Chemist: 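Just dropping this structure here.
Chain identifiers are assigned alphabetically (A, B, ...) following the order of the sequence lines, protein sequences preceding nucleic acid strands; residue numbering begins at 1 within each chain. Keep in mind it's a predicted model, so treat the numbers as computed, not measured.
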Amino acid sequence: MIGETMIEKLRGVRDFYPENQYGRRVIYETLYNTLKRFGFKEVCTPSIESLEMITKKSGAGIVDEIYAFKDKGGRDICLIPELTPSIARMVVQRQKELRKPIKWCSFSRHWRYERPQKGRQREFYQFNADILGVRSSRSDFEIIAAGIECMLFLGLSNFKFHISNRKILESFFDSHGIPVKEAFTIVDKRSKVSEEEFKEMIRTLGAGEECYLQLTSLLDISGTVSECIPQISDALKDTNTHVKEALDNLKEMGAFIDHYGFSKHCMIDLSIVRGLAYYTDMVFEVFDKKKSMRSLFGGGRYDDLIELFDGQKTPAVGFAIGIPMLELLMKEEGKWPEPDFGPDYFIIMLGNVEKEAFALIKKLRESSTVEYALTGKNMKNQMNEANSIGAKNAIIIGERDLENKTVTVKDMKTGTQESVQLNKFYE
RNA sequence: GCCGGGGUAGGGUAGCAUGGUUAUCCUAAAGGACUGUGGAUCCUUUGACUCGGGUUCAAAUCUCGGCCCUGGCCCCA
């Protein structure tokens, strides 16, 4: 009885009934098959990890935001809030034997103890892809290309990859003596506040009028990656080696994107900083073109993380796609896969014909979906069941037919039926 | 953690302002009318006021709190 606490669903989790799970299955397979074309191999990580591993990356404050608890042995553990630490651990464990580049992808389930919102649940699913062990514009591009192909293979075209390189703003703020971390937080908020508020916020960090103007001219640069490089160069007064490297990186990526024919899916957007995360260089976020929703997914380069887990210096680049946001967009665009659960055949048995019927069912199941009534029913009710579950054909096996070694095959859509020799099915 | 909107059978709803019989209608599900031919129709059955306290002769209705859903803030790995 609903109302008993025992069987109520917990907050922020979802059940997936067949008609909804079907679409998720299609998404999983599409994403996996897409990444496979790029040479990614699938891995799977545990759902629980030591709490220390998570705090090592994100700090002790994260404990309030995740499912952390003591197991029966008194160990501090948690349900994983993200995949990357586990991936890092897997890489470090086999550091020596893994051939670089490592290209891994993974479906994973994650948990965060936070207030549920649109597209944000306490338990959620992600698809991740990472390239580890190389630092190059090619690998940055490859991740982006894989992300774009994922969207395209899902039937989506109404999206845009906003690409940046954190080193550019990092150096910019550095050279003006502005604390980078705080500045990034403000840049990240720019789209949420008025321009006046933004100006005021950035001013409190010590930015003068000239600095503000220069910053906004950088942030407002918009266009394909290739065509924006000169604009960025112009907008930056001084360029140090970090900036030069970042510009080269964007320039090369821009060229690759053009060659690959993906320029219409990409644009420069230096306001993308990806929060305060562990990203070091190239970063990107994907939005629907109207930008009506929060970002669909994002990623970037994180060259220092593996080292943090006591590994050798291992550069890495990757992305994470949140399945809930994909689901929302696909439903909005009418691209959500609708299932057709109707079997190819529904076997109707009349009288004592189970010997022949089950032999036929097994034969047909070699290449078709076949169902039959699991409770004894009369003709009418069996036909009714065939109809209501959406069977394409009904095969009537009755004592009367079997005298002539035939069965009756009925097309459920047109209603036409014909007598077929039983041995036809075994040829 | 903060601010707002919600919660009536499995799904969708009426009723709530102004408290008052057995809580409305549609749909779905199960069974039957119907023993070798489905989608129709008819009949039957199952099935709800989110939970708890308060006010009252009387609460789905007024009130307080919890839980859950939902939009946003904070946060976003």
Chemist: Any side-chain heavy atom of A:Asp401 sitting closer than 4.5 Å to one from A:Val353?
Modeler: no
Chemist: Taking only heavy atoms on the protein side, list every residue of residues 408-419 of chain A lying under 4.0 Å from any atom of RNA chain B, sorted numerically.
Modeler: A:Thr408, A:Lys410, A:Met412, A:Gly415, A:Gln417
Chemist: To the nearest angstrom, how far is A:Phe127 atom CZ from B:A77 atom P?
Modeler: 20 Å
Chemist: Looking at A:Arg400, does any N or O in its side chain come under 4.0 Å of the phosphate oxygens OP1/OP2 on B:G36?
Modeler: no
Chemist: Under 4.0 Å from any atom of RNA chain B, heavy atoms only: list the residues of residues 297-307 of chain A that qualify, in numerical order.
Modeler: none
Chemist: Could you please name the partner base of B:G31, counting Watson-Crick and G-U wobble pairs only when both distances are under 3.5 Å?
Modeler: B:C43
Chemist: Both distances below 3.5 Å, Watson-Crick or wobble geometry, any strand: find the nucleotide opposite B:A14.
Modeler: none
Chemist: Indicate whether the side chain of A:Tyr278 and that of A:Thr84 have a donor and an acceptor atom separated by less than 3.5 Å.
Modeler: yes
Chemist: Should A:Lys380 be listed as having a side-chain N or O under 4.0 Å from OP1 or OP2 of B:G38?
Modeler: yes
Chemist: If pairing requires Watson-Crick or G-U wobble contacts with both distances under 3.5 Å, which nucleotide is the partner of B:G19?
Modeler: none
Chemist: Let's test your reading of the model: under 3.5 Å, does the base of B:G38 pair with the side chain of A:Asn384 as donor and acceptor?
Modeler: no
Chemist: Does atom OH of A:Tyr113 have more than 12 heavy-atom neighbours, drawn from other residues, nucleotides or ligands, at distances under 6.0 Å?
Modeler: no
Chemist: Is there a donor on the side chain of A:Arg120 or the base of B:C75 sitting less than 3.5 Å from an acceptor on the other?
Modeler: yes
Chemist: Find the partner of B:C73: check Watson-Crick (N1-N3 plus N6-O4 or O6-N4) and G-U wobble (N1-O2, O6-N3) distances, both under 3.5 Å, and reply none if neither fits.
Modeler: B:G1
Chemist: Under 4.0 Å: is that the gap between some side-chain N or O of A:Lys192 and OP1 or OP2 of B:C74?
Modeler: yes
Chemist: Examine the base of B:G36 for any acceptor or donor lying under 3.5 Å from a partner atom in the side chain of A:Asn378, and report the outcome as yes or no.
Modeler: no
